[in-house]
Amino acid sequence: MIATGVAATARIGARGDGRGGTALPVLEGDGPLALRRTRGSGSEARVMLVGAMSGPLGGDRFAVEADVAEGARLHVGSAAATIALPGQAKGDARYDVRLTVADGGELRWLPEQLICAGGSDLYVTTRADLGANARLVLREEQVLGRVGEEPGRLTSRLTVRIAGRTVLDQELACGPGSPGGWDGPAGLAGHRAVGQLVVVRHEFGSEPVTARCLGESAVLMPLPGPAVLVTAVAPDARVLRRLLDEALGSLTPGR
Amino acid sequence: MSRAALLVLADGRFPAGGHAHSGGAEAAVKAGRVTGAGSLEDFCRGRLHTAGRVAAALAASAALGVDPVSLDAAADARTPSPALRVAARKLGRQLLRAARAVWPSGELDALARAFPKGAHQPVVLGVAARAAGLGPVDAAYCAVYESVSGPASATVRLLSLDPFEATAVLARLAHEMDLVVDQAVEAAREVVDNGVDALPASSSPLLEIGAEVHAAWAVRLFAS
């Protein structure tokens, strides 16, 4: 028997409902990627990504697309961590996230961690294309291996474009089989959790944020555009989340 | 093409100011992550496959004649640390000054006009290689070698490491440097056809974090 992976694409479309709120004319889960609308706050619509099966497994092709129109505010979370696992199908798994936010739209993309279990092999791409006045909060957290387990292999590329200009394009490669030195002193140096937080706000163009260190293992960095990136490494997922939450809190006072 | 020109450009004594930068080694030594030849080798290997790979593809692309303005913007997007962007432009400006004197060329003059505050060093390196009559492979070799030789020679000073041991580290990485050059030149040829999104974007969280921590120190031996 030749096993083949699962291909699934979930889609979310958000637009202003004309009464100061956000409507979701598109909310299409697919197979293992189920979507639930949950209670939002104020003008913001909230969607929860619910894993209806385990995975991604080797050979799987998952994609999530979210499109936020002018005047809409969307918050996307996930019900639980995503766990990449080895599969029966040959080859790596892919997970592609495509986010578009129009001028005057806002997206808060705050899923739970991605955990790369031993033996898994996953290639993730996350691409956010934003209008000049779009707002974005995007968090990604990668955890290498479950507790006490050797990590799987992960390659994760994160690209952010604002008004067609690329302000961030970076790829993290880690786990057995990745190019050498990934866990060395210029790589992760034994840290098993790594995360990125991207905040895009056009006000950063006129009032630039200055770079600052958030301890010895996290930094906040203004990107070449109205955006900041927080990069953090931590011994585990809990410490990582605390670092990123603190950083987000410092960027969004009163929230 | 003159092979001797490659030696001139790659020479550690080429007056482009690289000796003032440690390539992240000073921060890694202070943090206790680099303590001797073994950890230096692992540090250099990690840098080679991340910053070195990106620098090599940028330099090879510039050597092939890809628009330096688009390459510089791509370098910015691949360098989230502002301290590293400043260092890369400072090194680029110094290299450009030296290269214009050594290999006068209209392309180098145009680059200086387009970037009065300096372009990213690997982009300048690629244009300088063109001016010297060199090709994309040569430019990529210069970039990958610099990505590891800088930290190695800085560590000799920082840890009083035996220079023989530091040089042996570089020799042991030679085969991996060849592989990274091959991949970088392949990526650069794709850039010619498909634009700068085809450039690699390999990154290392601790090099970025370390660069910002280092930039915040009041006293340091190296500029980056």
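Reminder, nothing fancy here: chain letters follow the sequence lines and each chain counts from 1. Because the structure is a prediction, the values reported are computed rather than measured.
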Legend entry - Pair A/Gln170-B/Glu208, side-chain contact (heavy atoms from CB on, under 4.5 Å): steps then yes or no: CA-CA 12 Å; A/Gln170 66 169 18; B/Glu208 286 155 26; 3.3 Å; yes

Legend entry - Verdict with reasoning, A/Arg161 to B/Asp197, per side-chain contact (heavy atoms from CB on, under 4.5 Å): CA-CA 11 Å; A/Arg161 288 191 180 83; B/Asp197 286 349; 2.6 Å; yes

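What you find for A/Gly180 and B/His49 is that their closest heavy atoms are O-CD2, 3.4 Å. A/Ala189 approaches B/Arg33 most closely through the heavy-atom pair CB-CD, 3.7 Å. Taking both residues in full, the closest heavy atoms of A/Pro222 and B/Arg85 are given as O-NH2, 2.7 Å, listed atom of the first, atom of the second, then distance. B/Ile209 approaches A/Ala218 most closely through the heavy-atom pair CG2-N, 4.1 Å.
Counting non-hydrogen atoms of neighbouring residues, nucleotides and ligands closer than 6.0 angstrom, the CZ atom of A/Arg238 reaches no more than 12 such neighbours. Environment of CD in B/Glu186: sparse, with no more than 12 heavy atoms of neighbouring residues, nucleotides or ligands closer than 6.0 Å. The number of heavy-atom neighbours closer than 6.0 Å to CD of A/Glu149, taken from other residues, nucleotides and ligands shown, is above 12.
There is no contact between A/Gln196 and chain B, counting heavy-atom distances below 4.5 Å. Interface remark: A/Leu214 contributes no atoms to any contact with chain B (heavy atom separation under 4.5 Å). Using a 4.5 Å cut-off between heavy atoms, B/Leu199 contacts chain A through its backbone alone, with no side-chain atom that close. For A/Ser217, the part sitting under 4.5 Å from any heavy atom of chain B is the backbone (N, CA, C, O) and nothing else. Heavy atoms closer than 4.5 Å to chain B are found in both the backbone and the side chain of A/Leu172. Of the two parts of A/Val194, only the side chain, counted from C-beta on, holds a non-hydrogen atom closer than 4.5 Å to a non-hydrogen atom of chain B.
With hydrogens and angles ignored, the 3.5 Å screen pairs a side-chain donor or acceptor of B/Ser203 with a backbone N or O of A/Glu171. Under the 3.5 Å distance criterion, the side-chain polar atoms of A/Thr166 are left unmatched by any main-chain donor or acceptor of B/Ala77.
A distance of 11.5 Å separates OG1 of A/Thr231 from CG of B/Leu207, quoted to the nearest 0.5 Å. With values rounded to the nearest 0.5 angstrom, A/Asp169 atom CG is found 12.5 Å from B/Asp76 atom CG.
The candidate from A/Gly187, A/Ala173, A/Gly184 with the greatest count of non-hydrogen atom pairs under 4.5 Å with chain B is A/Gly187. For the options A/Ala227, A/Pro179, A/Pro224, heavy-atom pairs under 4.5 Å to chain B are most numerous at A/Pro224.
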